[in-house]
Protein chains: 2
Amino acid sequence: MKKEVSHSKIKKQINIWLVEDNVRYRKTLKGLINRTSDMQCSELFSSCEDAINYNNQVDTPDVILLDIGLPGMSGIRGIEKFKILYPSTYILILTVYDDNDNVFEALCEGASGYLLKDSPPEKILDSIHEVLAGGAPMNMKIAHKVLDMFTKLKPQTKIYGLTDREKEILHFLADGLTKQQIADKMFLSFHTVNAHLKNIYAKLHVNTCTGAVSKAFKENLI
Amino acid sequence: MKKEVSHSKIKKQINIWLVEDNVRYRKTLKGLINRTSDMQCSELFSSCEDAINYNNQVDTPDVILLDIGLPGMSGIRGIEKFKILYPSTYILILTVYDDNDNVFEALCEGASGYLLKDSPPEKILDSIHEVLAGGAPMNMKIAHKVLDMFTKLKPQTKIYGLTDREKEILHFLADGLTKQQIADKMFLSFHTVNAHLKNIYAKLHVNTCTGAVSKAFKENLI
DNA sequence: GTCCGAATACCACGAATGTGCTATTGCTAA
DNA sequence: TTAGCAATAGCACATTCGTGGTATTCGGAC
């Protein structure tokens, strides 16, 4: 429920929730936000549970500033819940954790930005505007990590020297087909498929179908 | 290592290469860079091929500003080449393309940042500093796309109702172990593993080991 | 207290797989 | 033109799988 601000009729204040267990930091942030003309820190919570259980029909937040290291449910798990309760709310992570796992998980769960607590106050306020403008504010260090994750996504496909035919057969195998089914699908004799698979196993240094499929997936051979 | 400033012999200028086929934009950029005190645009190329063939032993670039839509080899393919020729050089994409495929590929190949050509000049110069400071400068829109890609990475794991024990066994199966090997590793009888696998197959609606492993990988069950 | 599912274990048998061979046909590179 | 490799095809046999059963134990739900 937005109230009109002072003398003007502008009700377009950004509605912000804070989920942060550190009392001092929470107060500081709240002060910072409320001193900003177009922002309003409407709710404060010290845990995800509190925020989730807070029954609120009308006043959904525009942005949730969310810590990760919280008592009880971690902020990461909290993201999923908030996404269900408030699908259109942007979630901005604000934490001390900058390890790959936390960053990766938070972003996979749908966080719209990732800030570190050592960010200067203006940066935090800017980020709130940025996320509402369709951006994805990130700490410089975090952005770097994010790009690193991408390069790891494309593992340098090791060269096992598979021929095209072998790749094709491996592909079908990785779809769960049996040798006979592959043979039928490729208009080959069972023996040919068998022979190709023998060669594939040798090249991949495996000796079972699961080993081959596993390697195919893990090393992007498919 | 900061050296003394201005009138002294500081050679610590940031050495920048430009790979851009549009003559006008290239000139504009070059002027912009060379008018910046700590930057120097040492080489200009209108294609990746030119830049790659340019034989240069001494003066490796600190940053390459790279277009994607180039005649001949695309900027994306160029990244790999540059990464080999100049492993410690940062590559900043500067392009008009903001589609997911180009962004995704460029970042996977190891670009350190992704800017759009409509960025204001100061933003481009800032980004050069940022990338050297270990950051990953990105256009707001691009950063948003990048985070979106993450959320897509985590496909909503379908609930097949696998028990913990079953997941554990599926995991070993997906590592290429045989039933007997799994039994040994988990201190179970072969028969138990067999029974679990029977249940796993039923729950996943498959009837071969490859089918189960395939599903496990495709749907992030592992 | 009873019921149910998860985890454990066993048996049996037909189907599929893994692996040791050989062999023919093309194509390519030395 | 000869050697080598990919793709094709076949045979044989031991091993492993897939699947139909049954059975016990144990912890939680009703």
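Letters A, B, ... mirror the listed sequences (proteins, then strands); counts begin at 1. It should be emphasised that the depicted structure is a prediction, and the values quoted were computed from it without experimental measurement.
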Legend entry - Lys/Arg N to Asp/Glu carboxylate O, B:D175 vs B:K185, below 4.0 Å: no

Legend entry - Nucleic acid footprint by protein, nucleotides 24-30 of chain C - heavy-atom cut-off 4.0 Å, B for base, S for sugar-phosphate alone: -------

Inset, instruction - Taking only Lys NZ, Arg NE, NH1 and NH2, and the carboxylate oxygens of Asp or Glu, determine whether A:K117 and A:D67 approach each other closer than 4.0 Å. - result: yes

Inset, instruction - Check the side chains of B:N53 and B:E49 for a donor-acceptor pair under 3.5 angstrom, ignoring hydrogens and angles. - result: no

Inset, instruction - Show your reasoning for whether side chain to side chain donor-acceptor pair (under 3.5 Å) applies to B:S46 and B:D21. - result: CA-CA 4 Å; B:S46 61; B:D21 61 327; over 6 Å; no

Inset, instruction - Sequence neighbours left out, what passes side-chain hydrogen bond (donor to acceptor under 3.5 Å, both in side chains) with A:E43? Give chain and number order. - result: A:Y54

Inset, instruction - Within residues 174-182 of chain B, find the residues that approach DNA chain D with a heavy atom at under 4.0 Å, and present them sorted by residue number. - result: B:T178, B:K179

Inset, instruction - Taking only heavy atoms on the protein side, list every residue of residues 192-212 of chain B lying under 4.0 Å from any atom of DNA chain D, sorted numerically. - result: B:N194, B:K198, B:Y201, B:N207, B:T208, B:C209

Legend entry - Interatomic distance, B:H191 NE2 vs C:dC10 P [rounded to whole Å]: 5 Å

Inset, instruction - Answer yes or no: does atom NZ of A:K30 have more than 12 heavy-atom neighbours from other residues, nucleotides or ligands under 6.0 Å? - result: no

Legend entry - Heavy-atom pair of closest approach, residues A:R26 and A:L18: O-CD2, 3.6 Å

Inset, instruction - May I ask you to decide whether A:K83 forms a salt bridge with A:E80, counting only side-chain N to carboxylate O separations under 4.0 Å? - result: no

Legend entry - Donor on one side chain, acceptor on other, B:D98 and B:N139, under 3.5 Å: no

Legend entry - Polar side-chain atom of A:E130 near backbone of A:S127 as donor-acceptor pair, under 3.5 Å: no

Legend entry - 5' to 3' contact window, DNA chain D with chain A (heavy-atom distance under 4.0 Å): D:dA6 to D:dC11

Legend entry - Interatomic spacing from CD in B:Q13 to SG in B:C41 - rounded to 0.5 Å: 11.0 Å

Legend entry - B:E166 and B:Y160: side chain donor to acceptor below 3.5 Å: no

Inset, instruction - Find the distance B:E166:CD to C:dA7:C1' and express it as a whole number of Å. - result: 9 Å

Inset, instruction - Return the set of residues passing ring-ring contact (aromatic ring centres under 6.0 Å, His included) with A:Y201 (not counting sequence neighbours), or none when no residue passes. - result: none

